[in-house]
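Everything quoted here is computed from the prediction, not taken from an experiment.
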Amino acid sequence: MHFVSLTDHTPGEHRVALTPNAAARLVDLGATVRLEAGYGGRSFFDDASYRDAGVDFAPRETLLREADVLLTLNPPDPDDLAMMPEGATVIGLMDPFRRTDVVRALVARKLAGICMELIPRSTYAQKMDVLSSQASLAGYAAVLRAAERIDKSFPMMSTPAGTIAPARVFVIGVGVAGLQAIATAKRLGARVDAYDTRPVVAEQVRSLGAKFVELDVGETGETEQGYAKELTPEQLEMQRQQMARVVAEADVVITTAQLFGRPAPRIVSAEMVAGMRPGSVVVDLAAGSGGNVEGSRPDEEVLTEEGIRIVGATNLPSSVARDAGQMFANNMVHLITHAWDAESGRMTLDPEEDPVVGACLLTQAGEVRDERVSKVLAEEDES
């Protein structure tokens, strides 16, 4: 079975979908792995390290025309998909609710599209969960970005010249990214508060040495997949009113609330930002999907009239590309190994027999299998 991966030319992207170590594991399964020359250069993996892992190199068009499986990091180019053999498989992040052009290209070529965003949030599938592995690094990198941009130190310092109070960090959203942000800020010596609509995470927050902020917004909870349930507009307004005081006391605010397939909830208003001290920093990890913070812009830093920096982050894992790529590639290899049939030397994609494959198999044989994505496509066709 021929596995291929193409050089990712997405602006600002330095991760790879396949590291030399991950490639070697695929070769050990009995697969053939082929890449473009210079594939790992952005993560400082040279071609020699891939050759040592058993990888061959070929031009882009050759790779696509001979691929059984295409491994991607970001959503693939529809023009590339059109060059692949019918019935081949594509594995990677698809962003299916916004990149409907990719979904349509998969369907047109009758490709099996395995959408890594749809990996189930189960204990067994944790080792395949790309969203969690990348979110963890995003939370870490968000704190480092804030520490770099703020005008004060994070830890408390006692010096002959006086005592410096620790920075106050407020983390909104205690998922994987939020928990890592809390842990990183604490390691840097900050005083950390955190909030989530799911009261069940309060103990996790406290176990990291942070304070859990309790707000009364009525009935809340989490979905079967472990995500926070979407709040009503009335609940969001109640949340903002009560949260304003905590935001005003913070030197750093980090927001991590995202909803798969829907715009991110607007949590921090411009008025709340204006109430912060000049020199404070807000890092919005949801800037690429609409933003949790009013005034944030994807991949930009906005300086408000009050002197508050709003950092709109979209791909912070790329700032630690070597480790992020390694984790991404490991997630992918775990999925491939899970679906691998040693006897035939191929992946077996049976959504009826395999709940993991069934959850993340977005397209197959010219059909869209996810009802939510099918609905989005139908709405586009009607408009």
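- Taking a 6.0 Å sphere around CZ of Arg369, one finds it holds more than 12 heavy atoms contributed by other residues, nucleotides or ligands.
- In the model, Asp251 has no side-chain atom that pairs as donor or acceptor with a side-chain atom of Ser280 under 3.5 Å.
- Annotation: side chain of Leu35 is not in contact with side chain of Val4 (no heavy-atom distance under 4.5 Å).
- The local environment of CD in Glu86 is crowded, with over 12 non-hydrogen atoms from other residues, nucleotides or ligands closer than 6.0 Å.
- Ion pair Glu117/Arg372 not flagged as a salt bridge, since none of the NZ, NE, NH1 or NH2 atoms sits closer than 4.0 Å to an Asp/Glu carboxylate oxygen.
- Defined by atom type and a distance below 3.5 Å, a donor-acceptor pair is missing between the side-chain atoms of Asp52 and Ser49.
- At most 12 non-hydrogen atoms from other residues, nucleotides or ligands lie less than 6.0 angstrom from OH of Tyr140.
- Rounding to the nearest 0.5 angstrom, the gap separating the CZ atom in Arg206 from the CD atom in Glu203 is 6.0 Å.
- Other residues, nucleotides and ligands place no more than 12 heavy atoms under 6.0 Å from the CZ atom of Arg245.
- At a cut-off of 3.5 Å, with distance as the only test, a side-chain donor of Asp284 or Thr255 sits close to an acceptor on the other residue.
- Within a 6.0 Å radius of CD in Glu237, other residues, nucleotides and ligands contribute more than 12 heavy atoms.
- With sequence neighbours excluded, the residues satisfying side-chain contact (heavy atoms from CB on, under 4.5 Å) with Met243 are Phe170, Ile172, Tyr195, Leu215, Gln239, Val247, Ile267, Met272.
- Around the CD atom of Glu379, the shell of radius 6.0 Å holds more than 12 heavy atoms that belong to other residues, nucleotides or ligands.
- Hydrophobic cluster membership differs between Ile182 and Val176, with clusters built from Ile, Leu, Val, Met, Phe, Trp and Tyr side chains linked at under 4.5 angstrom.
- Nearest heavy-atom pair, Ala313 versus Val283, reported as atom, atom and distance to 0.1 Å: CB-CG1, 4.5 Å.
- Under the 3.5 Å distance criterion, with hydrogens and angles disregarded, no donor-acceptor pair is assigned to the side chains of His14 and Asp8.
- In this structure, OG in Ser132 is found 12.0 Å from CD in Gln180, a value given to the nearest 0.5 Å.
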- Task: With salt bridge (charged side-chain N to carboxylate O under 4.0 Å, His left out) as the test, would you mind laying out the steps for Arg104 and Glu380 before giving the verdict?
- Result: CA-CA 11 Å; Arg104 293 182 187 278; Glu380 282 187 354; 3.1 Å; yes

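- The existence of a salt bridge linking Arg25 and Asp28 is excluded, since no basic side-chain nitrogen approaches an acidic carboxylate oxygen closer than 4.0 Å.
- In the hydrophobic clustering, Met157 connects to Ile164, either directly or through intervening members, whenever side-chain heavy atoms lie under 4.5 Å apart.
- When all heavy atoms of Phe44 and Arg322 are compared, the pair lying nearest together is O-NH1, 3.5 Å.
- Connection of Val90 to Leu6 is established within a shared hydrophobic cluster, with ILVMFWY side chains joined at heavy-atom distances below 4.5 Å, either directly or through further cluster members.
- Taken together through direct or relayed side-chain contacts under 4.5 Å among Ile, Leu, Val, Met, Phe, Trp and Tyr, Ile336 and Leu361 form part of one hydrophobic cluster.
- Closest approach of Gln258 and Ala286 over heavy atoms only: CG-CB, 3.6 Å.
- In this structure, a donor-acceptor pair under 3.5 Å is absent between the side chains of Arg121 and Gln126.
- Here the shortest heavy-atom pairing between Asn292 and Thr256 reads OD1-N, 3.6 Å.
- Linking Ile, Leu, Val, Met, Phe, Trp and Tyr whenever their side-chain heavy atoms come within less than 4.5 Å puts Val373 and Leu81 in one cluster.
- Electrostatic pairing of Glu66 and Arg34 counts as a salt bridge here, judged by a charged N lying under 4.0 Å from a carboxylate O.
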- Item | Verdict with supporting geometry, Phe260 and Phe97, ring pair (Phe, Tyr, Trp, His ring centres under 6.0 Å) | CA-CA 9 Å; Phe260 182 56; Phe97 295 98; 5.2 Å; yes

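- Glu294 has no carboxylate O lying under 4.0 Å from a charged side-chain N of Arg240, or vice versa, which leaves the two without a salt bridge.
- Note: Met332 CE to Leu26 CG = 9.5 Å, rounded to the nearest 0.5 Å.
- Using a 4.0 Å cut-off between a side-chain N of Lys or Arg and a carboxylate O of Asp or Glu, Glu13 and Arg42 do not qualify as a salt bridge.
- Leu63 and Ser5 make their closest contact through CD1-O, 4.2 Å (heavy atoms, listed as atom of the first residue, atom of the second, distance).
- The shortest heavy-atom contact between Pro278 and Asp151 is O-OD2, 4.0 Å.
- Clustering ILVMFWY residues whenever any of their side-chain heavy atoms sit less than 4.5 angstrom apart, transitively, puts Leu188 in a cluster other than the one holding Met156.
- Between Gln134 and Phe328 there is a side-chain heavy-atom pair separated by less than 4.5 Å.
- Judged purely by distance below 3.5 Å, without hydrogens or angles, the side chains of Gln326 and Thr19 never pair a donor atom with an acceptor atom.
- Taking CG from Leu303 and CD1 from Ile310, the interatomic distance works out to 9.0 Å, rounded to the nearest 0.5 Å.
- A 6.0 Å sphere centred on NZ of Lys211 holds no more than 12 heavy atoms belonging to other residues, nucleotides or ligands.
- The structure places CG of Leu335 at 10.0 Å from CG of Leu71, a figure rounded to the nearest 0.5 Å.
- Rounding to the nearest 0.5 Å gives a distance of 11.5 Å between CD of Glu382 and CG of Leu377.
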